[in-house]
Protein chains: 2
Amino acid sequence: MGQIAPKIASTLSSRITDTLRDAIVTGEIKPGSKISEPKLAEQFEVSRGPLREAIRRLEMMQLVKHVPHEGVRVITLDLPRVLEIYEVREALEGMAAGLAARNMSAAAIDELYGLLDIHEQHIKTSAGEYMQQEGDYDFHYKVIQGSGNQLLIRQLCGELYHLIRMFRNQASQARGRADLALQEHKQLVYAIEQRDPQLAELIMRRHIARSRDNISTRALTT
Amino acid sequence: MGQIAPKIASTLSSRITDTLRDAIVTGEIKPGSKISEPKLAEQFEVSRGPLREAIRRLEMMQLVKHVPHEGVRVITLDLPRVLEIYEVREALEGMAAGLAARNMSAAAIDELYGLLDIHEQHIKTSAGEYMQQEGDYDFHYKVIQGSGNQLLIRQLCGELYHLIRMFRNQASQARGRADLALQEHKQLVYAIEQRDPQLAELIMRRHIARSRDNISTRALTT
DNA sequence: ATACGTATAATTGTTGACAATTAAGAGATT
DNA sequence: AATCTCTTAATTGTCAACAATTATACGTAT
């Protein structure tokens with residue numbers, strides 16, 4: 001179907017990269033913890049070579065911090081750091097929405113409407129929060145893809161995305177915004193359909209900025 | 001002074017990363033060429049281990065493309081790709097300018113004025129294009145730093161920057177925009193000094209968009 | 001002459017051992 | 001008791017050899 005091929009990584013190093021990445025993102029390996037090469041190598045049943053290559057990639061992804069001759073530690077997402085992520089997200093996804101309004105195919109826009117319907121059903125039946133989260137991501141993912149800018153796509157879907165996922169899993173998250181988010185999504189699709197880049201960008205930026213404010217204030221009250 | 005400490009990388013792997021990166025960016029290693037591990041290892045007089053780790057980092061930096069069991073090739077910056085870079089740049093540096101208007105210290109703003117003066121002198125004495133290019137980068141660099149967003153800084157100064165440098169060295173570049181650029185820089189500093197984020201962002205985005213248009217049209221005529 | 005198959009060579013991927021640096025702990029001194 | 005130093009242990013960084021995969025070249029058949 002319209003899905004991306006699963007594409008099993010054919011090299012050990014890249015498989016380890018994916019596995020380690022997910023382990024960090026899901027919190028299986030805890031934030032701030034030191035990564036021991038011998039330990040992990042034994043755990044994955046591989047040699048340290050490919051493991052180190054994987055770590056170098058995660059280092060560039062900002063998921064771990066490397067200090068020469070000391071080791072690597074999993075990053076910790078404190079509030080200021082999360083807010084920084086959302087600022088970058090606002091800039092990039094805003095641009096993506098604008099470009100999507102220019103470049104997205106009619107068929108892809110139809111698919112967006114499909115996602116809106118699914119989202120609406122989930123709210124009415126008050127389906128699990130988890131599905132909501134995933135649904136939200138699917139929607140943003142589709143808009144980003146619609147931009148057609150390969151670099152933008154890779155930056156957002158290949159790097160920032162994992163940081164955002166990590167945050168979501170870490171501080172299981174903001175409720176009560178589901179229906180508001182749906183309204184904002186509807187407005188966005190409308191702007192894209194009207195081929196109005198400026199409006200699409202504005203809506204997306206506000207959407208993300210609200211999300212950011214929500215995180216910010218919620219952090220203060222808890 | 002006011003410069004970042006050179007900080008010699010204390011590990012072979014990171015030294016190779018920097019050296020290789022610069023070799024690619026300056027065109028010493030030509031775009032599209034295949035990178036042979038044995039050859040480079042001999043050339044750098046190191047083993048393949050650290051070299052491969054360096055390559056994995058460059059891979060994440062988008063400077064090389066890796067195909068399992070085939071090898072890595074240096075990317076080629078064709079026009080569509082460069083335009084994509086400038087779109088991302090517009091989004092990120094626009095955000096950076098806005099944040100700079102909020103967060104930049106008075107001292108840092110003074111330094112911006114200093115750079116404007118230097119830039120102006122260079123134009124009057126019609127100093128070398130090279131200095132102009134570097135000067136332009138210094139200015140943008142300072143604004144980005146002024147944003148205070150560490151993630152944004154790293155994305156722009158640590159990844160995109162090298163792609164932009166690579167493009168500049170490859171297609172040695174657009175002339176006659178020096179004085180216009182200076183005017184735009186002046187406007188930007190003014191907006192930052194007035195603590196007007198929206199205006200600062202707008203000016204920066206237009207500045208980069210013009211640069212992009214310039215590249216686009218120039219590519220058509222040559 | 002061209003196309004195909006096979007065998008060889010070269011390159012990438014992986015492993016385990018070695019060297020260098022840093023962290024940890026025991027012991028002596030103040 | 002606390003601190004400093006020296007020794008030891010563990011971890012990171014590097015290397016060189018091995019395995020697996022892909023590219024190359026040669027020979028053969030059509």
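Note that the coordinates shown come from a computational prediction; the quantities given were computed from them, not determined experimentally. Proteins come first, then strands; the chains are lettered A, B, ... in the order of their sequence lines, and each starts at number 1.
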Can you tell me the distance, in whole Å, between the [atom1] atom of [X] and the [atom2] atom of [N]?
X: B:I16; N: D:dC15; atom1: CD1; atom2: C1'; result: 12 Å
X: A:E59; N: D:dT12; atom1: CD; atom2: P; result: 14 Å
X: A:L12; N: D:dA19; atom1: CG; atom2: P; result: 16 Å
X: A:E37; N: C:dT21; atom1: CD; atom2: P; result: 17 Å
X: B:E45; N: D:dA16; atom1: CD; atom2: C1'; result: 16 Å
X: B:E42; N: D:dA16; atom1: CD; atom2: C1'; result: 15 Å
X: A:R73; N: D:dT12; atom1: CZ; atom2: P; result: 11 Å
X: A:R52; N: D:dT11; atom1: CZ; atom2: P; result: 14 Å

- Query: Taking the six-membered ring where the residue is Trp, are the ring centres of B:Y137 and B:Y161 under 6.0 Å apart?
  - Reply: yes
- Test side-chain contact (heavy atoms from CB on, under 4.5 Å), reference A:L58, set A:V74, A:V72, A:L63, A:I16, output is A:L63
- Message: If you define the side chain from C-beta out and look only at heavy atoms, does anything of A:H207 sit under 4.5 Å from A:E93?
- Response: no
- Could you check if a side-chain atom of A:M166 sits within less than 4.5 angstrom of a side-chain atom of A:V82, using non-hydrogen atoms only? no
- In terms of the nearest nucleotide of DNA chain C, which residue is placed more toward the 5' end: B:K34 or A:P68? B:K34
- Return the 5'-most residue of the pair A:R48, A:E70 with respect to DNA chain C, ranking by each residue's nearest nucleotide. A:R48
- Task: For B:I35, answer base if it contacts any base atom (sugar-phosphate contacts may also be present), sugar-phosphate if it contacts only those atoms, and nothing otherwise; contact means non-hydrogen atoms under 4.0 Å.
- Result: sugar-phosphate
- Message: By the 4.0 Å heavy-atom rule, please label B:G49 as base, sugar-phosphate, or nothing.
- Response: nothing
- Item | Phosphate OP1/OP2 of D:dG13 contacted by A:H66 side-chain N/O (<4.0 Å) | yes
- Think A:T11 has a side-chain N or O under 4.0 angstrom from the OP1 or OP2 of C:dT14? yes
- Task: For the residue pair B:R57 and B:S13, confirm or rule out a side-chain donor-acceptor distance under 3.5 Å.
- Result: yes
- Message: Quick check for you: among D:dT14, C:dT14, D:dT12, whose closest atom lies nearest to any side-chain atom of A:S13?
- Response: C:dT14
